[in-house]
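We're numbering straight along the sequence, starting at 1. This structure is a prediction, so every number in the text was calculated from the model and none was measured.
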Amino acid sequence: EDEEDDLLFAKQWLAFGVRRKHMKRPTMTWAYSSRVFGIAEQIRSDTMEPMAKLVRRGLMEEHPFGNDNGYHAAWYMAEKAVAAIEDTVKSAHDGMKYFQDVVAICNGCHMHLHYTTPLGFPLMQYYRDRSKSTEQVDAPLWDTNRKKIVTKKIGLRAYNQTIDYGKSQRACAPNLIHSLDATLLMMTVNKCKAKGVSDLMVVHDSFSTTVGNVPVLAAEVRKAFV
């Protein structure tokens, strides 16, 4: 029965057409520890649900992936996507597993992961389990509809000293990547400044400068990478 279902889902996807836009987000978030469950959620949110809304509004006769609005087809494609990504980017898969194994060793010794970036900036993970009880407190909040401050009860999250092993291992690769992205940015800015270039604009991993300084930026960003 499972083989018959898989064949049906495969035919549905082939008829629908798998495009870059369908796999871009799963591929990008895989490096941030997203796996079958998370990717299936993404496919349902990005691809299946918009078509389900069209069916509900009468703008589409039927959902291309059946009466379940593509729920099971999303799981099928998520499994295929993860397998394809891990087969294609094997070094990234091995690298991520290495860091997760390191964090598992740290956690096994009741230690949080911490290290220093090449520029001397300390990075520390500090993921702990949440306490089961949540304290309720009165807080003054702005009520947009009534245009005045009202008092409402809000819950305060409390954490104990037990390490959240799952989150620590899932988050280590994204944290490492972000820290190295930031390090590259700062190194590039420092190198450009040393060359007399201070007209820079940066947005995460996008660097720009004035036209006359492009050759300097192009050279220094490559040196920073090395």
Side-chain angles (χ1 to χ4, degrees), residues 17-36 38-39 41-43 45-47 50 77-78 80-107 111-128 163-164 166-226:
V18 181
R19 301 287 183 266
R20 178 178 181 274
K21 64 181 180 180
H22 301 130
M23 291 297 105
K24 180 180 178 181
R25 186 180 174 201
T27 302
M28 296 293 289
T29 56
W30 176 89
Y32 294 153
S33 302
S34 182
R35 292 299 179 266
V36 173
I39 290 175
E41 288 287 318
Q42 293 171 12
I43 293 173
S45 173
D46 299 346
T47 303
M77 181 52 69
K80 297 300 181 184
V82 169
I85 293 168
E86 294 183 354
D87 183 60
T88 304
V89 287
K90 292 181 179 178
S91 59
H93 174 263
D94 295 341
M96 181 182 295
K97 184 178 183 304
Y98 168 77
F99 287 113
Q100 291 174 341
D101 289 346
V102 169
V103 172
I105 294 172
C106 291
N107 293 166
M111 296 168 54
H112 294 279
L113 175 69
H114 61 87
Y115 66 92
T116 305
T117 70
L119 277 181
F121 191 88
L123 181 142
M124 290 172 280
Q125 288 194 167
Y126 197 55
Y127 298 113
R128 298 168 295 159
I163 295 174
D164 187 334
K167 189 168 185 179
S168 294
Q169 293 180 39
R170 290 192 302 272
C172 66
N175 289 340
L176 175 77
I177 292 169
H178 287 314
S179 73
L180 293 180
D181 279 347
T183 299
L184 171 68
L185 187 153
M186 289 185 285
M187 291 178 69
T188 301
V189 170
N190 288 341
K191 288 179 178 294
C192 285
K193 184 178 180 181
K195 295 287 186 178
V197 176
S198 57
D199 293 323
L200 296 165
M201 184 174 72
V202 295
V203 180
H204 188 48
D205 57 357
S206 174
F207 308 166
S208 60
T209 185
T210 53
V211 174
N213 290 324
V214 167
V216 176
L217 174 59
E220 298 310 313
V221 73
R222 285 163 173 76
K223 292 177 184 177
F225 261 116
V226 173

*Asks:* How far does CG of Asn107 sit from CG of Leu113, to the nearest 0.5 angstrom?
*Replies:* 8.5 Å
*Asks:* Can you find a side-chain donor-acceptor pair between Ser91 and Asp94 that sits under 3.5 Å?
*Replies:*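 Ser91 vs Asp94: no donor-acceptor pair found between side chains.
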*Asks:* Show me, pair by pair, the donor-acceptor contacts under 3.5 angstrom made by side chains of residues 219-226, not counting sequence neighbours?
*Replies:*
from   : atom 1 : to     : atom 2 : distance (Å)
Glu220 : OE2    : Lys223 : NZ     : 3.2
Arg222 : NH1    : Ala218 : O      : 2.7

*Asks:* Sequence neighbours left out, what passes salt bridge (charged side-chain N to carboxylate O under 4.0 Å, His left out) with Asp199? Give chain and number order.
*Replies:* none
*Asks:* Which atom pairs, donor and acceptor, lie under 3.5 Å between side-chain atoms of residues 21-29 and protein residues at least two apart or in another chain?
*Replies:*
from  : atom 1 : to    : atom 2 : distance (Å)
His22 : ND1    : Arg19 : N      : 2.9
Arg25 : NH1    : Asp46 : OD1    : 2.9
Arg25 : NH1    : Asp46 : OD2    : 2.8
Thr27 : OG1    : Met23 : O      : 2.7
Thr29 : OG1    : Arg25 : O      : 2.9
Thr29 : OG1    : Pro26 : O      : 3.4
Thr29 : OG1    : Gln42 : OE1    : 3.3
Thr29 : OG1    : Gln42 : NE2    : 3.0

*Asks:* Checking Phe121 now: which residues fulfil side-chain contact (heavy atoms from CB on, under 4.5 Å) with it, not counting sequence neighbours?
*Replies:*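 Listed in chain order: Thr117.
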*Asks:* My understanding is that only residues two or more places apart in sequence, or in another chain, count here; which of them pass side-chain hydrogen bond (donor to acceptor under 3.5 Å, both in side chains) with Gln125?
*Replies:* Asn175
*Asks:* Run the side-chain hydrogen bond (donor to acceptor under 3.5 Å, both in side chains) test against Ser208 and tell me which residues pass, sequence neighbours left out.
*Replies:* none
*Asks:* Taking side-chain hydrogen bond (donor to acceptor under 3.5 Å, both in side chains) as the test, write out the residues that go with Asp164, two or more places apart.
*Replies:* none
*Asks:* Among residues at least two apart in sequence or on other chains, which ones pass salt bridge (charged side-chain N to carboxylate O under 4.0 Å, His left out) with Arg170?
*Replies:* none
*Asks:* Can you list the residues that meet the salt bridge (charged side-chain N to carboxylate O under 4.0 Å, His left out) rule with Lys167, with sequence neighbours excluded?
*Replies:* none
*Asks:* Please lay out, stage by stage, how Gln169 and Phe99 fare under the test side chain to side chain contact (heavy atoms under 4.5 Å, CB included).
*Replies:* CA-CA 8 Å; Gln169 293 180 39; Phe99 287 113; over 6 Å; no
*Asks:* Calculate, to the nearest 0.5 Å, the distance between atoms OH and SG belonging to Tyr98 and Cys172 respectively.
*Replies:*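 The SG atom of Cys172 is 11.0 Å from OH of Tyr98, to the nearest 0.5 Å.
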*Asks:* With sequence neighbours excluded, tell me which residues meet side-chain contact (heavy atoms from CB on, under 4.5 Å) with Leu200.
*Replies:*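 Expected list: Val189, Cys192, Val197, Thr209, Leu217.
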*Asks:* With sequence neighbours left out, write down each residue that passes ring pair (Phe, Tyr, Trp, His ring centres under 6.0 Å) with Tyr126, or none if nothing qualifies.
*Replies:* His112
*Asks:* Does a side-chain heavy-atom distance below 4.5 Å link Arg128 with Ile163?
*Replies:* no
*Asks:* Below 4.5 Å, heavy atoms only, C-beta onward: do Phe207 and Met201 meet side chain to side chain?
*Replies:*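 No. Closest side-chain heavy atoms not under 4.5 Å.
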*Asks:* Please collect all side-chain hydrogen bond (donor to acceptor under 3.5 Å, both in side chains) contacts where either partner lies in residues 178-193, sequence neighbours excluded, each pair once.
*Replies:*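 For residues 178-193: Tyr115-Ser179.
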*Asks:* Using only atom types and a distance under 3.5 Å, with no angle test, would you say the side chain of Arg35 pairs donor to acceptor with the backbone of Val82?
*Replies:* no
*Asks:* Please report the shortest heavy-atom distance between Ser45 and Pro50, naming the atom on each side.
*Replies:* O-CD, 3.4 Å
*Asks:* Starting at CG of Leu176, measure out to CG of Leu180 and round the result to the nearest 0.5 Å.
*Replies:*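 It is 4.5 Å, given to the nearest 0.5 Å.
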